[in-house]
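Notes to accompany the following structure.
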Amino acid sequence: MEHHSLTLLVDIALSIIFATLFAIIAKAFKQPLVLGYVIAGLIIGPLFGPYVGGKLTIGYVKSEESIELISEIGLILLLFIIGLEIDLKELARMGKSMFALGVLQFFLGVAAAWFAFRTFFPPAPGNFDLLYFAIALSLSSTMIVVKLLHDKFEISTVAGRLTIGVLVLQDIWAILFMGIQPDLQDPQILNVLGSLVKGIALVAVAFVVSRFILSRIFLFAASKPELVLITSIAWCFFLCGVAEKLELSKEMGALIAGVSIAAFPYGADVISKLSGIRDFFITLFFVALGMKIQAPSASDLGLAFLAVGFVLVSRVLIIAPTVFFSGKGLRAGIVAGLNLAQISEFSLVILALGVQKEHIGKDLQAIVLTSMIIASIISTYVILFNDKIARGIISFLSLFGVKENKEPLESQVTGETKRDIVVLGYFRIAQGLIDGIEDDKPSWLKRMLVVDFNPIYRQTLESKGIRWAYGDLANPESLHHLGIEEARYIVCTVSDMILKGTTNRRLLESLKSICRHHQPKIILTTDDPKEAEVLRNNGAAHVIVPGKISGLSLFTELSQMVDINGSTTIAKSAKAKPKKTASNKKKVKKTK
């Protein structure tokens, strides 16, 4: 027993050390950390050992089953946190068009994958390879997409919101599939309906208990944060046990546990406290997946590349037309499709459960895992250049008469207030401008959009009602999807000395092109009075010369100080040396 415990400890230590090493390498190459964890499992797993070239592999893990057991706990915690982050009110606010997009993307994706790969996995009674493969290719990676869009500050754009909406609905479809997964081997309608009824009953009971019992327990425990945390974990594992007793999956119980307390005010606090624990176990989960990778044959590797190509093309072909015909724009639809072109960690979860239930073999799991690794690498660059790729596709489609005559305004798509006052650059001049607006015209704040590259000011501006957006002024193409085309007033508060890669003159032409349907009033900044005249002649409504304004302000202050000091000095000198008048002489004589 002692030897087994020591082996388990060594195996966990090796898994964490190698996961850390390859995660650092993945970050250095700007790849998802998950990729580093999987490669770590591949290196220390049985694929390369125990002997390579007659020598023992450094990190050969002898107790893969133990690692898998611990990773299952991490999987339960991951699904619990996913449940905590599912906002049912937000789902209700998505609207019919968003729901329709989520439905079409998943079910058309499954159908397309089914027909595209049926020759590779011939459907047969009791053979679920094609079904699992089709579902796996229809789910996108929430972890990768959200991270990359967050880094690019594109979460709040039209395409970003469409992407996140589809991801949330994908999670819902995955949860529903997990609900009927235990009955796939005996897919009688009564068994499936029985599982659905059990699932609905578990959801109902969970919400009733959380509403009337858990809410009071949390209120009592609120003064002790660690008690809130452990109560949440206890609730998670309690529902996992109940789900297993009902012959549902433990993972589904964890999801329901999270969703049932997501609306509590303690949800965010629980997520923050669980994150460290979750990351430890999830690391082991992906390392364990890497250990399961088998040496791919040439045909399996070719199939993996074919799957990645299918995912990339099918996402765009399904999502772009749906978004376009819903009135949200062709570019937004193409970008959303490109954003979703990878394979989800949820797919790996579903496949892992399929292997446990003997629905599929490990060879299919290895093919999907290889596809996920390839897709995650490619997707990193696809999302990085999504706008350029989308505009290239639009240019190509225009050759065949397919084009977007006018991209819809962001306020038309999102229903938000128009941001008709746009400030480009947020530094000293812009800060002073917004301070003045906040003091004298606070109603303007909700009309303002600030475009800058430094996210440090984002929270401050958004707390005032101003919308902040990431933008590179040197790349005017990136300004298209930020809502600038709706502006009535555009103020660039950055002079040519600070601008990198462009000038106010070039920026003026780009802004006029972006806002060609209605020309806004454009105010620019320059340090050269002669350049100010050129900008005005080229169409700028006004040009600020900071040095000139500072000099005039300094003159005003100085002239006031000189006038005040001058009169004071004269007054003092008059008192010190009074003139000798006749009355003064009489006073002197009397004193004597």
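Side chains included, hydrogens not; waters and symmetry mates left out as well; all remaining heavy atoms used. Treat the numbers as computed from the prediction; the structure is a model and nothing was measured.
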Taking it one step at a time, do Phe99 and Leu169 satisfy side-chain contact (heavy atoms from CB on, under 4.5 Å)? CA-CA 8 Å; Phe99 185 76; Leu169 288 168; 4.0 Å; yes

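- Looking only at side-chain heavy atoms (C-beta outward), Arg467 and Val450 stay at 4.5 Å or farther from each other.
- Taking the six-membered ring where tryptophan is involved, the planes of Phe400 and Phe396 are perpendicular, since the angle between them exceeds 60° and thus also 30°.
- With a 4.5 Å cut-off on side-chain heavy atoms, Ile421 and Leu449 do not count as touching.
- Atom CD1 of Ile378 sits about 12.0 Å away from atom CD1 of Ile373, to the nearest 0.5 Å.
- Using a cutoff of 4.0 Å between basic side-chain nitrogens and carboxylate oxygens, Lys530 and Glu533 are not scored as salt-bridged.
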For a side-chain contact (heavy atoms from CB on, under 4.5 Å) check, start with the C-alpha distance between Phe555 and Leu558, then their side-chain angles and the critical distance, and finish with the verdict. CA-CA 5 Å; Phe555 169 74; Leu558 183 62; 5.7 Å; no

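- Residues passing the side chain to side chain donor-acceptor pair (under 3.5 Å) test with Arg505, sequence neighbours excluded: Glu531.
- Side-chain N or O atoms of Arg488 include none that pairs as donor or acceptor with a backbone N or O of Pro520 at under 3.5 Å.
- At distances below 3.5 Å, not a single donor-acceptor pair connects side-chain atoms of Asn339 with backbone N or O atoms of Ser379.
- Note that CD1 of Ile522 is 10.5 Å distant from CG of Leu535, once rounded to the nearest 0.5 Å.
- Distance check, rounded to the nearest 0.5 Å: CZ of Phe305 to CD1 of Ile374 gives 4.0 Å.
- Side-chain contact between Ile549 and Ile544 is present, with heavy atoms from C-beta onward closer than 4.5 Å.
- A 4.5 Å side-chain heavy-atom check between Ile490 and Ile523 finds every atom pair outside the cut-off.
- Applying the side-chain hydrogen bond (donor to acceptor under 3.5 Å, both in side chains) test to residues at least two apart or on different chains, none of the pairs has a partner in residues 540-556.
- Between the side chain of Gln105 and the main chain of Ser138, a donor-acceptor pair closer than 3.5 Å is present.
- Side chain of Asp435 to backbone of Gly432: no donor-acceptor contact under 3.5 angstrom is found.
- Side chain of Ser344 to main chain of Ser140: a donor-acceptor pair is present (N/O by atom type, distance under 3.5 Å, no hydrogens or angles).
- Across Leu137 and Val311, no two heavy atoms sit closer than the pair O-CG2, 3.8 Å.
- Remark: the backbone N or O of Gly425 is paired with a side-chain donor or acceptor of Thr493 at under 3.5 angstrom.
- The minimum heavy-atom distance between Gly333 and Ile319, with the atom names listed, is O-CG2, 3.6 Å.
- Note: Gln519 CD to Leu511 CG = 9.5 Å, rounded to the nearest 0.5 Å.
- For the atom pair CE (Met497) and OG1 (Thr503), the distance works out to 14.5 Å, reported to the nearest 0.5 Å.
- Side chains of Ile261 and Phe80 form a contact here, defined as non-hydrogen atoms less than 4.5 Å apart.
- Put simply, the side chain of Gln342 gets close to the backbone of Ser141: a donor and an acceptor are under 3.5 Å apart.
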Start with the C-alpha gap between Ile394 and Leu330, add the side-chain angles, then the distance that decides, and say whether side-chain contact (heavy atoms from CB on, under 4.5 Å) holds. CA-CA 8 Å; Ile394 292 173; Leu330 182 58; 4.1 Å; yes

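- With Ser314 contributing its side chain and Phe310 its backbone, the two residues share a donor-acceptor pair below 3.5 Å.
- Remark: side-chain polar atoms of Trp173 are paired, donor with acceptor, to backbone N or O of Gly102 under 3.5 angstrom.
- Each of Thr525, Asn538, Asp496 was scored for a side-chain hydrogen bond (donor to acceptor under 3.5 Å, both in side chains) with Asn504, with one residue passing: Asp496.
- Residues Val382 and Ile389 come closest through the heavy atom pair O-CD1, 3.9 Å.
- Contact check for Thr163 versus Leu340: side-chain heavy atoms found under the 4.5 Å cut-off.
- At least one donor-acceptor pair closer than 3.5 Å links the side chain of Asp452 to the backbone N or O of Tyr426.
- Listed by first and then second residue, the salt bridge (Lys or Arg N to Asp or Glu O under 4.0 Å) pairs involving residues 519-529 amount to none (not counting sequence neighbours).
- Shown here for Ala159 and Ala336, the closest heavy-atom pair between the two residues is O-CB, 4.1 Å.
- Annotation for Leu507 and Cys492: closest pair CD2-SG, 3.7 Å, computed over non-hydrogen atoms.
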Chi angles and distances behind the side-chain contact (heavy atoms from CB on, under 4.5 Å) call for Ile437, Met448: CA-CA 10 Å; Ile437 290 174; Met448 295 187 70; 3.8 Å; yes

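- Of all the heavy atoms in Val308 and Ser371, the pair that sits closest is CG2-O, 3.4 Å.
- Under 4.0 Å is where a charged nitrogen must lie from a carboxylate oxygen, and between Glu438 and Lys464 at least one such pair does.
- Rounded to the nearest 0.5 Å, atoms CD1 (Ile334) and CZ (Phe324) are 9.5 Å apart.
- With contacts defined as side-chain heavy-atom distances shorter than 4.5 Å, the pair Leu508/Leu524 qualifies.
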